[in-house]
Amino acid sequence: MKFKNLIYIKSRWIHKVFGLILIPFLIWMSISGIILNHPEVFAGFNVPSWLVPSHYHIKNWNRSSIIGAVHVNDTDMFIYGKKGVWQVDDARKVHYVGQGFPQADYYKKTNHMIFLTHGNDSLLIAATDGGLFMASLSRLNWQKIELPGKPEKLKKILKIDDTLLVFGESNVFRADLTKSALQFSIATPLREETEKSVTMVQLFFDIHDGKAWGLAGKLLMDFIGLVIIFASVTGFYVWFSPWRNRKRANSTFKARTIARLRSWNKWHIKIGALVVVFFILLGSTGLFMRPPFLAAIAEKDVPAAYYPGKLSQNPWERKIQNALYDPFRDRLIIATSQGLWAGPGDLRQEFKKINLNVPIFVMGPTYFECLPNGHYRIASFNGIFDYNPQTDQAVDLITGQIPNNVSTVRPADIMVTGYFQLNDGSEWITAHEQGICNMEGKVVNIWRVPESMIDINSLSLWNFMFELHNGRIFKSVVGSLYILIIPLGSILFLLISFSGLYDWAFRKFRKKRTLFVARPNNLLSKNFNRQKKMVEV
């Protein structure tokens with residue numbers, strides 16, 4: 001047998017075996033990818049709690065259900081997080097404050113909240129994934145504050161003298177507190193850049209979901225997802241029908257069955273060959289979207305010229321993660337996916353990139369505040385640190401040690417999602433998995449999780465699909481090995497894509513060759529008197 005024929009036979013075996021193994025993976029990744037591409041369409045849908053794995057249920061206010069607290073007097077306080085805003089009364093009972101608040105889980109995530117006096121009103125102002133909301137303390141009826149520009153997730157609220165700044169993921173909004181009504185305008189500052197660039201993570205993600213080419217690109221990737229589902233279903237059918245037929249007493253096919261199988265096989269091959277470049281693009285970019293390969297591109301930038309689509313003129317577009325104002329130095333620091341940028345509080349000068357000698361996880365700081373003593377308190381999935389700007393030195397508040405060689409792409413055992421104080425001055429942190437902990441990282445139960453939150457132990461459909469798409473949803477089944485699901489799936493997807501391309505090219509570009517028709521899945525063996533046929537192409 002010729003060497004090329006041997007390679008072809010091996011390639012067909014690889015395409016068949018790994019293709020069949022990968023069918024469930026490809027179908028769930030395609031469906032979830034299409035839904036993730038259109039959050040505004042599916043935001044109103046929730047997945048019921050009985051479908052949500054137990055490790056997503058709220059226990060001791062974990063999973064960012066609390067990330068901060070706001071005090072309004074000596075006894076009452078409000079806590080906020082992924083599940084919205086809750087009031088804690090003087091008896092330490094927790095009540096949901098949801099009248100007028102977004103009902104969809106996707107939009108109710110509250111990233112920051114402040115309490116201020118404006119005119120004669122005492123106001124709570126919440127920055128959420130669904131916009132900016134305000135409630136008078138006397139009525140606790142939320143009202144949405146309209147912001148200029150397109151809707152975006154809001155990250156932080158800062159009060160600087162008589163100015164209120166709201167930081168979205170792309171823009172900064174400003175309102176004058178001396179005026180009777182809160183009216184915001186876009187005040188996004190400039191930033192000093194010698195060369196416009198994008199992060200490699202953004203580049204890979206935007207290529208993967210088609211966002212680099214706008215709505216047309218996203219719809220194209222949706223179509224490719226449908227093609228993957230079609231290829232998976234037809235591939236299974238073309239293999240399963242002959243296999244099932246062999247198990248029966250009469251193993252011959254009817255003529256129309258043979259014609260139908262040939263038709264499905266033909267379309268499986270033709271459509272796959274037409275879009276295989278997109279399969280390879282999806283597989284190669286998807287490979288770097290989860291650890292361990294994500295570490296290879298994290299915190300790396302590429303020149304904007306490498307970006308295949310049209311970039312926004314706004315240098316902050318989809319990059320802002322958090323913000324801090326230092327009144328001692330009149331310095332505003334904006335944390336982004338491209339590092340930290342500092343400028344004056346009035347936003348009138350260009351912001352310049354800075355470095356602080358403190359480890360901040362690649363996803364950005366979850367708590368970012370200036371303390372009365374001029375130090376910064378900075379928390380992220382790397383832990384929580386006290387940073388002294390004068391000495392450029394940080395101290396790990398959990399261990400009491402100076403951090404050394406901390407990886408910003410590998411989370412710590414205690415992934416800090418927030419920090420708050422009680423009315424007695426005691427300090428507490430919230431961790432992603434453990435929930436409320438003391439400053440030594442030990443789990444402490446302060447408030448009982450209310451039954452109403454347990455009853456709504458659901459996830460938004462978008463978040464559920466996000467967890468499915470990145471493989472974390474299988475953590476309760478396979479443990480820490482879940483981290484390998486996406487890399488292995490991507491590698492196998494690339495393998496069957498390249499093998500399918502090779503098989504198609506082998507048949508297409510050789511003038512004449514003979515093939516031994518293989519056993520269970522070949523439509524020409526077993527079903528034509530079980531003889532080896534010589535097929536001329």
Side-chain angles (χ1 to χ4, degrees), residues 62 64 67 197-205 287-302 319-324 326 329 331 333-342 352-371 373-419 427-434 437-443 470 472 475 479-484 486-487:
N62 65 343
S64 299
I67 60 172
S197 63
V198 296
T199 64
M200 287 191 70
V201 172
Q202 180 186 344
L203 175 66
F204 277 55
F205 272 61
L287 182 63
F288 289 91
M289 293 173 68
R290 293 290 297 156
F293 294 100
L294 178 63
I297 64 172
E299 299 183 311
K300 292 183 180 179
D301 293 354
V302 295
K319 295 183 176 70
I320 297 177
Q321 300 167 331
N322 212 321
L324 168 153
D326 180 351
R329 301 164 184 85
R331 182 166 72 163
I333 303 176
I334 302 177
T336 76
S337 57
Q338 292 180 306
L340 303 175
W341 299 76
K352 298 180 180 180
K353 194 168 186 178
I354 63 169
N355 290 307
L356 303 182
N357 186 26
V358 57
I360 301 176
F361 191 65
V362 67
M363 292 170 59
T366 52
Y367 186 83
F368 201 40
E369 297 290 345
C370 182
L371 303 178
N373 62 0
H375 289 203
Y376 300 164
R377 182 152 293 170
I378 304 174
S380 72
F381 276 15
N382 280 135
I384 183 167
F385 303 88
D386 181 271
Y387 172 76
N388 186 342
Q390 289 184 332
T391 62
D392 191 31
Q393 187 67 62
V395 175
D396 188 325
L397 292 175
I398 296 177
T399 65
Q401 303 296 317
I402 296 175
N404 185 30
N405 295 325
V406 177
S407 171
T408 57
V409 296
R410 180 180 299 173
D413 293 334
I414 299 178
M415 298 179 285
V416 180
T417 57
Y419 163 89
E427 297 179 297
W428 310 87
I429 58 174
T430 59
H432 179 70
E433 294 182 347
Q434 295 89 349
C437 302
N438 61 20
M439 294 303 292
E440 288 75 42
K442 296 181 180 180
V443 176
N470 61 37
R472 269 199 301 260
K475 186 176 181 179
S480 59
L481 292 178
Y482 83 91
I483 202 171
L484 300 177
I486 302 306

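We count residues from 1, following the sequence as given.
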For the pair Asn438 and Trp428, evaluate side-chain contact (heavy atoms from CB on, under 4.5 Å) and give the outcome as yes or no after the intermediate values. CA-CA 5 Å; Asn438 61 20; Trp428 310 87; 3.9 Å; yes
Within-4.5 Å side-chain heavy-atom neighbours: Val302 and Val198: yes
Heavy-atom closest pair, residues Gly339 and Trp341: O-CD1, 3.5 Å
Run the side-chain contact (heavy atoms from CB on, under 4.5 Å) test on Val201 and Val362 for me, step by step, so that the C-alpha distance in whole Å, both residues' side-chain angles and the decisive distance to 0.1 Å come before the verdict. CA-CA 11 Å; Val201 172; Val362 67; 5.9 Å; no
For the residue pair Ile360 and Leu340, establish whether any side-chain heavy-atom pair is separated by less than 4.5 Å. yes
Is there side-chain contact between Ile320 and Ile334, with heavy atoms separated by less than 4.5 Å? yes
On a heavy-atom basis, which atom in Gly374 and which in Arg329 lie closest, and how many Å separate them? O-NH1, 3.6 Å
Once rounded to the nearest 0.5 Å, what's the spacing between atom OH of Tyr419 and atom CD1 of Ile429? 10.5 Å
Closest non-hydrogen atoms of Pro403 and Ala394, given as atom of the first, atom of the second and distance, are CD-O, 3.2 Å
Smallest heavy-atom separation, Ser380 atom then Gly364 atom, equals CB-O, 3.6 Å
Is atom NZ of Lys353 surrounded by more than 12 heavy atoms (other residues, nucleotides or ligands) closer than 6.0 Å? yes
Mark yes when over 12 heavy atoms from residues, nucleotides or ligands other than Asn355 sit less than 6.0 Å from its CG; otherwise mark no. no
Counting only heavy atoms not in Ile402 (residues, nucleotides, ligands), do more than 12 fall under 6.0 Å from its CD1? no
Is there side-chain contact between Gln202 and Gln338, with at least one heavy-atom pair below 4.5 Å? no
If you take all heavy atoms of Pro291 and Pro487, which pair is closest and at what distance? O-CG, 3.4 Å
His375 side chain near Asn388 side chain, heavy-atom distance below 4.5 Å: yes
Does the side chain of Tyr376 reach to within under 4.5 Å of the side chain of Val358, using non-hydrogen atoms? no
Nearest 0.5 angstrom please: Ile398 CD1 to Lys442 NZ, how far? 12.5 Å
Does any part of the side chain of Gln321, heavy atoms only, come nearer than 4.5 Å to the side chain of Ser337, both counted from C-beta? yes
Is the backbone of Thr430 close enough, under 3.5 Å, to the side chain of Thr417 for a donor and an acceptor to pair up by distance? yes
Identify the heavy atoms of Asn470 and Arg290 that sit nearest to each other, and give their distance. O-NE, 3.3 Å
Residues two or more places apart in sequence or in another chain: which of them pass side-chain contact (heavy atoms from CB on, under 4.5 Å) with Ala379? Thr366, Tyr367, Ile384, Val416
Mutual orientation of the aromatic rings belonging to His432 and Phe381 [parallel < 30°, tilted 30-60°, perpendicular > 60°]: tilted
side-chain contact (heavy atoms from CB on, under 4.5 Å) for Gln434 and Ile414? Distances and angles first, verdict last. CA-CA 8 Å; Gln434 295 89 349; Ile414 299 178; 4.2 Å; yes
Under the 3.5 angstrom rule, does the side chain of Arg331 hit a backbone N or O of Asp326 as a donor-acceptor pair? no
Which residue pairs satisfy the salt bridge (Lys or Arg N to Asp or Glu O under 4.0 Å) criterion with at least one member in residues 374-400, sequence neighbours excluded? Arg377-Glu427
Distance in Å, Ile486 CD1 paired with Phe288 CZ, rounded so as to fall on 0.5 Å steps: 14.5 Å
Rounded at 0.5 Å granularity, tell me how far NZ in Lys475 sits from CG in Leu481. 11.5 Å
Main chain of Ser197, side chain of Asp301: is a donor-acceptor contact present, judged purely on distance under 3.5 Å? no
Drop me the distance from Phe205's CZ to Thr199's OG1, to the nearest 0.5 angstrom. 9.0 Å
Do other residues, nucleotides or ligands put more than 12 heavy atoms under 6.0 Å from the CE atom of Met200? yes
